[in-house]
Chemist: 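First the structure, which I've put down as structure tokens, then a few questions once you've had a look.
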2 protein chains.
Amino acid sequence: MAVLDERRPLYEIKANLFKGLAHPHRIRVLEILSSTDEASVTTMLADTGLEASHLSQHLAVLRRYGLVVSERRASVVYYRLAHPQISELLRVARVLLGEILTDADSQRELVNSLPEIPDAR
Amino acid sequence: MAVLDERRPLYEIKANLFKGLAHPHRIRVLEILSSTDEASVTTMLADTGLEASHLSQHLAVLRRYGLVVSERRASVVYYRLAHPQISELLRVARVLLGEILTDADSQRELVNSLPEIPDAR
DNA sequence: TGCTGAATTGATGTAATCATCATATCAGGG
DNA sequence: CCCTGATATGATGATTACATCAATTCAGCA
């Protein structure tokens, strides 16, 4: 468990968890798995429209971060969430975003006066 | 609100939220703010031990992601969480990590046979 | 006005992540 | 055994994030 290793400082471990979640395709995958208990790679290929190797690489990082587990049955590989709390985490994030976005919406006019800031340090 | 903009697809917005959280220093800052309602930059400098410009840049990304808000009173700038749910999100993450890490711990011996994988695609 | 402390911004080199494409493994079926 | 479908891994170039240091703004005070 190299990435979420408890010998590291706690805030680094937490940051790593969020890094594992910090990509649209991976969120997609986790939401699919949140809704269906388990899913084959083929299924997820169809659902996401990704190229096979691309999906596979994101699945690899999810595995590496300990967020999903996989099991091979015959020639098909099935994935599932490693912990049910992951969907809980996504749920809380969804609620939070709901609030952030409605706030943002009500302030849209004010905020629109600002230029886009392309870079994030 | 360029980063968490609701005109983007939802899973991209969520990924952006997690990106904002995906750094140890930023987790540090958010936890400080979770515990103290508001904190000045000077305070956080002392708490984190970071260099001023470094902290300031991370505060900038937190602002950019809409996770914190700042207010200047006299010559001191105070930060606070933009939404109380952010500490809830951190709390859920902490619980999840607790589970992941104890699982990992019980499997330590098995897992230790694996080499470290440096790269994350 | 010009100092000083507080905080932010800008510039630059380095490292990590991403997307794409090619190649490799792995498990049956013929 | 080799072929084919299903997945995974490797290599490469492009983009983005990070750390560091210099320069700037900003508010109050001498």
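In what follows, chains are A, B, ... by sequence order, proteins preceding strands, each numbered from 1.
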Chemist: Excluding sequence neighbours, so at least two apart, what forms side-chain hydrogen bond (donor to acceptor under 3.5 Å, both in side chains) with B/Arg91?
Modeler: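 Partners of B/Arg91 by the side-chain hydrogen bond (donor to acceptor under 3.5 Å, both in side chains) criterion, ordered by chain and then number, come out as B/Glu88.
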Chemist: Does A/Arg64 place a side-chain N or O at less than 4.0 Å from the phosphate oxygens OP1/OP2 of C/dT17?
Modeler: no
Chemist: Ignoring backbone atoms, establish whether A/His58 has a side-chain N or O less than 4.0 Å from OP1 or OP2 of C/dT17.
Modeler: no
Chemist: If the sugar-phosphate is the primed atoms plus P, OP1 and OP2 and the base is the rest, what is the B/S/- string for nucleotides 21-28 of chain C, using protein heavy atoms under 4.0 Å?
Modeler: BB----SS
Chemist: Output the residues of residues 42-50 of chain B in contact with DNA chain D, where contact means a heavy atom of the residue under 4.0 Å from an atom of the strand; sort by number or write none.
Modeler: none
Chemist: Could you work out, with side-chain contact (heavy atoms from CB on, under 4.5 Å) as the rule, every residue matching B/Ser40, not counting sequence neighbours?
Modeler: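 B/Thr42, B/Thr43, B/Val76, B/Tyr78.
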Chemist: Hey, is the side chain of B/Tyr79 poking within less than 4.0 Å of OP1 or OP2 on C/dT8, counting only N and O atoms?
Modeler: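 Looking at the OP1 and OP2 atoms of C/dT8, one of them is under 4.0 Å from a side-chain N or O of B/Tyr79.
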Chemist: What is the separation between atom CG on B/Leu62 and atom P on D/dA17, rounded to the nearest whole Å?
Modeler: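 The answer, rounded to whole Å, is 14 Å.
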Chemist: Considering residues at least two apart in sequence or located in another chain, which fulfil the side-chain contact (heavy atoms from CB on, under 4.5 Å) criterion with B/Ser87?
Modeler: B/Ser34, B/Leu81
Chemist: Under the side-chain contact (heavy atoms from CB on, under 4.5 Å) rule, collect the residues that match up with A/Gln85, sequence neighbours excluded.
Modeler: A/His83, B/Leu96, B/Glu99
Chemist: Using the closest heavy atom to pick a nucleotide of DNA chain D for each, name whichever of A/Lys19 or A/Ser40 lands nearer the 5' end.
Modeler: A/Ser40
Chemist: Restricting to side-chain contact (heavy atoms from CB on, under 4.5 Å), what partner residues turn up for A/Ala39, sequence neighbours left out?
Modeler: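 Listed in chain order: A/Ile32, A/Leu33, A/Thr36, A/Met44.
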Chemist: When Ile, Leu, Val, Met, Phe, Trp and Tyr are grouped by side-chain heavy atoms lying under 4.5 Å apart, directly or through other members, which residues fall in the same group as B/Val69?
Modeler: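 So far as hydrophobic clustering goes, B/Val69 is joined with none.
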Chemist: In terms of ring plane angle, is the pair A/Phe18 and B/Phe18 parallel, tilted or perpendicular, where the classes change at 30° and 60°?
Modeler: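 Ring orientation, 0 to 90° scale: parallel.
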Chemist: In whole angstrom, what separates A/Glu12's CD from D/dC18's P?
Modeler: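 My rounded result for the distance is 13 Å.
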Chemist: Which other residues belong to the hydrophobic cluster containing B/Val95, where Ile, Leu, Val, Met, Phe, Trp and Tyr are joined when side-chain heavy atoms lie under 4.5 Å apart, directly or via other members?
Modeler: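 Its cluster partners, ordered by chain and number, are none at all.
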Chemist: Rounded to whole angstrom units, what separation is found between the CG atom of A/Asn16 and the P atom of D/dC18?
Modeler: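 Taking atom P of D/dC18 as the reference, CG of A/Asn16 is at 12 Å.
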